[in-house]
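Have a look at the structure below, then the notes.
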2 protein chains.
Amino acid sequence: MRFSKQRQIVLDILLESNDHLTADQIFQRAQEKDTNISVATVYRNLNQLEGRGLINKVNRLSTVSLYDGNIEPHDHLHCRKCLRLYDIPKKEVPNIIDQVAFNTGHTIEQAEIIFSGLCQTCKAEEMKS
Amino acid sequence: MRFSKQRQIVLDILLESNDHLTADQIFQRAQEKDTNISVATVYRNLNQLEGRGLINKVNRLSTVSLYDGNIEPHDHLHCRKCLRLYDIPKKEVPNIIDQVAFNTGHTIEQAEIIFSGLCQTCKAEEMKS
DNA sequence: CTAAATGCAAAAGATTTGCTGGCGT
DNA sequence: ACGCCAGCAAATCTTTTGCATTTAG
């Protein structure tokens, strides 16, 4: 992986900051350091850096929202092979809210969990080969 | 809440389906049932229905992605008052992966958790008033 | 009857892509 | 020199909004 001046700047901004930044915020900060950088470069670098595990992206599920008629509280499993999203009823998931609230000092009202891995079906197929 | 033909169709589509649907998929299915429905109506109805708790929206954090230089695995707390996103180190969070894998039969490799509630700071302010 | 909902088209916001030229190794 | 990377602008995709008209209760 090549480290251009721009890529380095994007990475530095993220490493220096303790916050979570939007691409646009990163773009603005980068402009202050380098008069000539484009949004496209910022996005391309963010994708590259994330792909190599150098940075983290929150909200990675997809760019579109998904809607669900199931309003019973539940979590999700995102299968990395078939990419399907499965519902996981809350009763299958140990409740960790009190423990985390105690450990962190925040007031926690809800937890929304996205599991990832292989669904039953894809796991079975993987076995065959 | 008024129940127009279009709103009913949008809701029915979600209730009939066991899947998670994108707004566009819902729009397409709705078109098959009602020649005259617009994307705008679909979106407006999805927002209304979600606001009243009749349907569920996944990926609710925001429409933009957030990037984070912290690649140590961690979860997040989204404060409903100041809207800030806090990192929660994994060591504060009980590991539930094995339990959920056992309960569901899926292979689970990772869990990404978004807690919501009140952060320490906002909680303290709430106390004063 | 009247507030709320619709359709349409345009706007807005986020992200990606094509192309051409430049830079890192 | 070669291929990766940048800049720019246009394109794409998702979602929202303004406005005039229709409709549910």
Side-chain angles (χ1 to χ4, degrees), chain A residues 1-14 17 19-69 78 83 85, chain B residues 1-15 17 19-69 78 83 85 114:
Chain A
M1 183 183 216
R2 222 185 255 182
F3 266 81
S4 66
K5 185 177 143 205
Q6 291 87 338
R7 180 161 299 165
Q8 193 61 58
I9 287 179
V10 167
L11 182 55
D12 286 347
I13 289 171
L14 280 169
S17 163
D19 248 342
H20 300 77
L21 303 176
T22 63
D24 191 60
Q25 289 174 314
I26 295 165
F27 171 57
Q28 286 177 36
R29 297 193 191 186
Q31 274 188 312
E32 293 166 15
K33 303 197 182 193
D34 172 352
T35 332
N36 238 19
I37 192 173
S38 67
V39 240
T41 299
V42 172
Y43 276 105
R44 269 190 285 238
N45 279 327
L46 289 172
N47 286 339
Q48 287 277 336
L49 293 168
E50 197 220 349
R52 314 259 170 155
L54 295 174
I55 63 171
N56 225 294
K57 184 175 178 178
V58 187
N59 225 14
R60 62 180 50 213
L61 202 57
S62 79
T63 55
V64 301
S65 296
L66 296 173
Y67 297 87
D68 186 352
H78 190 217
L83 303 182
L85 196 64
Chain B
M1 182 184 219
R2 222 188 255 182
F3 267 81
S4 67
K5 186 176 144 206
Q6 291 88 338
R7 178 162 301 164
Q8 192 61 57
I9 286 178
V10 167
L11 182 55
D12 286 346
I13 288 171
L14 281 169
L15 295 182
S17 164
D19 248 341
H20 299 77
L21 303 176
T22 64
D24 192 60
Q25 290 175 313
I26 295 165
F27 171 58
Q28 285 177 36
R29 297 192 190 186
Q31 274 189 312
E32 293 166 15
K33 304 198 184 194
D34 173 352
T35 333
N36 238 19
I37 192 174
S38 67
V39 239
T41 299
V42 171
Y43 275 104
R44 271 189 287 237
N45 279 326
L46 289 172
N47 286 338
Q48 286 278 335
L49 292 168
E50 196 219 348
R52 315 260 170 153
L54 295 174
I55 63 171
N56 226 293
K57 185 175 177 177
V58 187
N59 226 14
R60 62 180 50 213
L61 202 57
S62 78
T63 55
V64 301
S65 296
L66 296 173
Y67 297 87
D68 186 353
H78 190 218
L83 303 183
L85 197 63
I114 297 172

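In the text below, chain A, chain B and the rest are named by the order of the sequence lines, each starting its count at 1.
How far CG of B:Leu21 is from CD of B:Gln28: 11.0 Å, rounded to the nearest 0.5 Å. For the atom pair CG of B:Leu46 and OG1 of B:Thr41, the computed distance is 10.5 Å after rounding to the nearest 0.5 Å. For the atom pair CG (B:Asp12) and CZ (B:Arg7), the distance works out to 13.0 Å, reported to the nearest 0.5 Å. Taking CG from B:Leu54 and CD from B:Gln48, the interatomic distance works out to 10.0 Å, rounded to the nearest 0.5 Å. In this structure, OH on A:Tyr67 lies 9.5 Å from OG1 on B:Thr22, to the nearest 0.5 angstrom.
Only at 4.0 angstrom or more do the heavy atoms of residues 8-15 of chain B sit from any atom of DNA chain D, so none qualifies.
Summarising the geometry, the separation between OH on B:Tyr43 and P on C:dC8 is reported as 17 Å, rounded to the nearest angstrom. A:Leu49 places its CG atom 10 Å from the P atom of D:dC5, with the value rounded to the nearest Å. Atom P of nucleotide C:dA14 and atom CZ of A:Phe27 are separated by 13 Å, given to the nearest angstrom. For the pair B:Gln28 CD and D:dC13 P, the computed distance is 13 Å after rounding to whole Å. In this structure, OH of A:Tyr67 is placed 12 Å from P of D:dT14, rounded to the nearest angstrom. In this structure, A:Gln31 places its CD atom 15 Å from P of D:dA6, rounding to the nearest Å. Per the geometry, CD belonging to B:Gln48 stands 9 Å off P belonging to C:dT6, to the nearest Å. Atom CZ in A:Arg44 sits about 19 Å away from atom P in C:dA14, given to the nearest Å.
Heavy atoms from other residues, nucleotides or ligands lying under 6.0 Å from NZ of B:Lys5 number 12 at most.
Contact between the side-chain N/O atoms of A:Asn47 and the OP1/OP2 oxygens of C:dT16 is found at a separation under 4.0 Å. Regarding contacts with the backbone of D:dT14, every side-chain N or O of A:Ser65 stays at 4.0 angstrom or more from both OP1 and OP2. Residue B:Asn36 places none of its side-chain N or O atoms closer than 4.0 Å to OP1 or OP2 of D:dT22.
Side-chain contact check for A:Phe3 versus A:Leu11: some heavy-atom pair is nearer than 4.5 Å. The shortest side-chain heavy-atom distance between B:His20 and B:Asn56 does not fall under the 4.5 Å cut-off. Between B:Ser17 and B:Gln25, the closest side-chain pair of non-hydrogen atoms is not below 4.5 Å. Side-chain atoms of B:Leu49 and B:Met1, non-hydrogen and from C-beta on, do get closer than 4.5 Å to each other.
Looking at heavy-atom distances under 4.0 Å, A:Asp24 makes no contact with the nucleic acid at all.
The bend of the helix from C:dC1-D:dG25 to C:dT25-D:dA1, defined by the angle between the axes of its first five and last five pairs, stands at 40° to the nearest 10°.
If you find the closest nucleotide of DNA chain D to B:Thr22 and to A:Gln6, the one lying nearer the 5' end belongs to A:Gln6. Remark on DNA chain C: of its neighbouring residues B:Arg7 and A:Ala40, the 5'-side contact belongs to B:Arg7, judged by nearest-heavy-atom nucleotide.
Taking every heavy atom of both residues into account, B:Asn47 and B:Lys57 meet most closely at OD1-NZ, 4.2 Å.
The side-chain contact (heavy atoms from CB on, under 4.5 Å) with B:Ile37 is formed by just one residue from the set B:Glu32, B:Gln6, B:Arg29; it is B:Gln6.
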Could you run through nucleotides 20-25 of chain C and give me one letter per nucleotide, 5' to 3': B if any protein heavy atom sits under 4.0 Å from the base, S if only the sugar-phosphate is that close, - if neither? ---BBS
